[in-house]
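Report on the following structure.
Proteins get letters first, then strands, A, B, ... in listed order; numbering begins at 1 in each.
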2 protein chains.
Amino acid sequence: MATQSADTTRRGSVDTHSADTHNADTCGADTTRRGRIDGDEARRRILDAAERLFYAQGIQAVGMDQIRDAAGVSLKRLYQSYPSKDALVEAYLEHRDRRWMRSLDEHVAHAAAPRDRVTAVFGFLAEWFGTADFRGCSFINAFGELGPTSPPVAAAARAHKSGLRERLGTLAAEAGAADPDALADQLLLLVEGAIVAAAMGTATGPAERARSAALALLSAARQSAPSGG
Amino acid sequence: MATQSADTTRRGSVDTHSADTHNADTCGADTTRRGRIDGDEARRRILDAAERLFYAQGIQAVGMDQIRDAAGVSLKRLYQSYPSKDALVEAYLEHRDRRWMRSLDEHVAHAAAPRDRVTAVFGFLAEWFGTADFRGCSFINAFGELGPTSPPVAAAARAHKSGLRERLGTLAAEAGAADPDALADQLLLLVEGAIVAAAMGTATGPAERARSAALALLSAARQSAPSGG
DNA sequence: ACGAATGGAGAACGATCGTTCTCCGCTTGG
DNA sequence: CCAAGCGGAGAACGATCGTTCTCCATTCGT
């Protein structure tokens with residue numbers, strides 16, 4: 001879920017990782033060296049490369065030189081696009097949050113009935129888990145790695161999970177649960193657990209297991225105003 | 001992030017848990033400096049300090065000097081006890097696995113009925129989450145931080161989760177689930193999710209939420225040989 | 001076309017970290 | 001009391017990393 005070229009018309013699905021073939025880019029310069037590129041293009045490529053590398057290898061394991069190589073920009077350009085590695089890490093997490101939430105929302109939006117909307121969450125997870133470069137949740141990983149030493153990273157991770165929790169709360173309320181907060185929390189546990197289990201290969205078919213569990217909890221919690229489904 | 005966070009994570013900023021609390025009995029000499037200590041005592045203190053620091057701050061964020069200070073041993077002693085940081089990390093994970101599993105087993109062993117044994121798992125989690133220094137699962141954290149770059153760490157994390165999954169499988173079978181593997185996976189998702197949610201403060205009362213969800217799943221899955229409980 | 005500005009390439013710098021080495025005091029055996 | 005050795009304290013070393021600086025080719029305004 002990392003690399004996408006600048007010209008992708010996404011179909012609301014989790015895109016697969018394409019290798020770093022940045023041959024023909026939007027820059028017209030046909031230099032054999034690193035082409036002279038536009039400022040916005042540089043920012044895009046840097047964030048793209050950083051996202052792919054940070055996610056794949058962990059944040060501390062990736063050096064700025066490595067990002068420079070993958071992005072195909074100069075170190076000077078890198079630092080005038082993002083003034084520090086910390087800033088780049090924050091941009092990485094923010095961008096990741098936006099893409100992930102958008103993808104989740106699109107999946108959920110396709111379903112109308114509350115039950116189907118909950119199912120869609122885990123369908124999204126199943127699709128995500130199937131991507132070639134899947135390596136768990138960027139925010140759980142970043143939080144575990146830098147949470148205690150970097151308040152911004154901890155805040156970004158909490159904000160991401162808060163957004164997820166809020167969406168699940170909406171779904172739980174739509175489903176007419178007697179205690180929407182309780183159901184939302186339980187769905188959150190299933191989502192987080194599925195992500196972790198998928199990343200570590202612990203459970204078999206974690207998304208499907210989580211989905212069936214969610215449906216069971218949904219049925220158990222359906223005690224007030226079941227608005228269809 | 002190196003230059004900035006260097007100030008916040010200063011050496012010796014850990015608590016006053018120093019050498020003098022241990023060496024009163026095993027080492028008779030009351031030296032004012034670091035006492036001359038036994039080899040086994042050194043190993044114990046080193047592993048103790050490493051466990052506390054690695055867990056609290058992350059593995060890469062803790063230097064060997066910091067471990068030396070916290071353990072109250074010399075660097076020479078440190079390296080002749082554990083030949084490298086990698087070895088110390090492995091020992092840390094192994095020790096933590098043993099302690100955690102033992103604590104879980106003890107909690108579960110106190111209950112006889114299958115339902116109570118499942119409940120005991122989440123009672124154990126609740127107790128753990130309430131500890132002052134709780135910071136999530138060492139293995140999830142280590143896996144997220146070093147999984148892609150350190151095969152031993154990845155293997156240790158997978159082994160830990162495999163052990164947990166096996167125990168949950170036993171509980172699921174004892175509970176007479178129609179599909180014990182499915183229930184075990186679902187319980188695993190709840191446990192992992194609760195740990196992550198507790199670490200990040202996402203859900204309210206994650207252990208209790210997970211326990212009620214587990215009981216609901218247990219009831220839903222109880223379709224063969226309900227061995228009275 | 002020429003001076004100035006821009007940007008790429010990468011060396012350089014300072015800090016940190018894992019690991020080893022040196023120095024010296026203390027202990028111990030005779 | 002002395003020689004030998006063990007162990008603590010910490011300097012030193014090499015590698016890495018984040019960040020800055022230097023050098024030079026290219027580009028652009030006029």
Side-chain angles (χ1 to χ4, degrees), chain A residues 25 27-43 45-46 50 53-54 57-90 92 145-146 149-150, chain B residues 1-13 18-20 23 26-43 45-46 50 53-54 57-90 92 146 149-150:
Chain A
D25 44 9
C27 179
D30 53 345
T31 58
T32 58
R33 323 244 284 271
R34 283 172 200 163
R36 184 163 300 205
I37 58 176
D38 182 81
D40 289 348
E41 170 74 7
R43 270 185 76 90
R45 271 161 56 170
I46 290 166
L53 291 172
F54 285 155
Q57 307 181 25
I59 293 172
Q60 296 185 95
V62 174
M64 295 298 269
D65 288 11
Q66 201 176 346
I67 294 173
R68 173 202 52 169
D69 289 344
V73 301
S74 69
L75 217 47
K76 187 193 276 184
R77 181 68 102 171
L78 207 177
Y79 273 95
Q80 81 187 26
S81 298
Y82 295 93
S84 69
K85 187 180 181 180
D86 286 336
L88 187 51
V89 168
E90 286 186 56
Y92 152 62
E145 183 178 354
L146 296 173
T149 55
S150 168
Chain B
M1 65 184 49
T3 55
Q4 163 193 319
S5 60
D7 292 341
T8 58
T9 62
R10 287 181 57 246
R11 291 281 163 84
S13 66
S18 172
D20 296 38
N23 60 3
T26 53
C27 176
D30 54 342
T31 58
T32 58
R33 323 249 282 271
R34 280 174 200 163
R36 184 164 301 206
I37 58 176
D38 183 84
D40 290 347
E41 171 74 5
R43 271 185 75 91
R45 269 156 63 166
I46 291 166
L53 291 171
F54 284 155
Q57 308 181 22
I59 293 172
Q60 296 185 93
V62 174
M64 295 297 271
D65 288 9
Q66 202 175 343
I67 294 173
R68 174 203 52 168
D69 290 343
V73 302
S74 69
L75 218 45
K76 187 195 276 185
R77 182 67 103 170
L78 208 178
Y79 274 95
Q80 83 188 25
S81 297
Y82 295 92
S84 69
K85 186 179 182 181
D86 287 337
L88 186 51
V89 168
E90 286 185 56
Y92 152 61
L146 295 173
T149 55
S150 167

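Residues that satisfy the side-chain contact (heavy atoms from CB on, under 4.5 Å) test with B:Y82, not counting sequence neighbours, are B:R43, B:I46, B:L47, B:L88, B:A91. Every side-chain contact (heavy atoms from CB on, under 4.5 Å) that B:D86 has, sequence neighbours left out, goes to B:S84.
D:dG7 atom P lies 5 Å from atom CZ of B:R77, rounded to whole Å. Rounded to a whole Å, the CD atom of A:Q66 is 12 Å from the C1' atom of D:dT16. If you take CD1 of B:I46 and C1' of D:dG7, they are 13 Å apart, rounded to a whole angstrom. Rounded to whole Å, atom C1' of C:dG18 lies 11 Å from atom CD1 of B:I67. Distance, B:L78 CG to D:dA9 P: 12 Å, rounded to whole Å. At whole-Å resolution of the value, CD1 in A:I59 and P in D:dT16 are 21 Å apart. Spacing between atom CG of A:L88 and atom P of D:dG18 amounts to 10 Å, rounded to whole angstrom units. Separating the CG atom of A:D69 from the C1' atom of D:dT16 is a distance of 15 Å, rounded to the nearest angstrom.
Heavy-atom distances to DNA chain D give each of B:Q80 and A:V62 a nearest nucleotide, and the one nearer the 5′ end belongs to B:Q80. Take the nearest nucleotide of DNA chain C for B:D86 and for B:K76: the residue whose nucleotide is more 5' is B:D86.
The minimum heavy-atom distance between B:V62 and B:K85, with the atom names listed, is O-NZ, 2.7 Å. The heavy-atom pair separating A:I67 from A:F54 by the smallest distance is CD1-CZ, 3.6 Å. B:S74 approaches B:R68 most closely through the heavy-atom pair C-CG, 4.0 Å. When all heavy atoms are compared, the tightest approach of B:M64 to B:L75 is O-CD1, 4.2 Å.
Taken over five-pair windows at either terminus, the axes of the helix from C:dA1-D:dT30 to C:dG30-D:dC1 are inclined to one another by 10° (rounded to 10 degrees).
In this structure, of D:dT19, C:dA9, C:dG18, it is D:dT19 that holds the atom nearest to the side chain of A:L75.
For B:K85 against C:dG18, a side-chain-to-base donor-acceptor contact under 3.5 Å is absent.
Checking side-chain atoms of A:R45 against main-chain N and O of A:V73 turns up no donor-acceptor pair under 3.5 Å.
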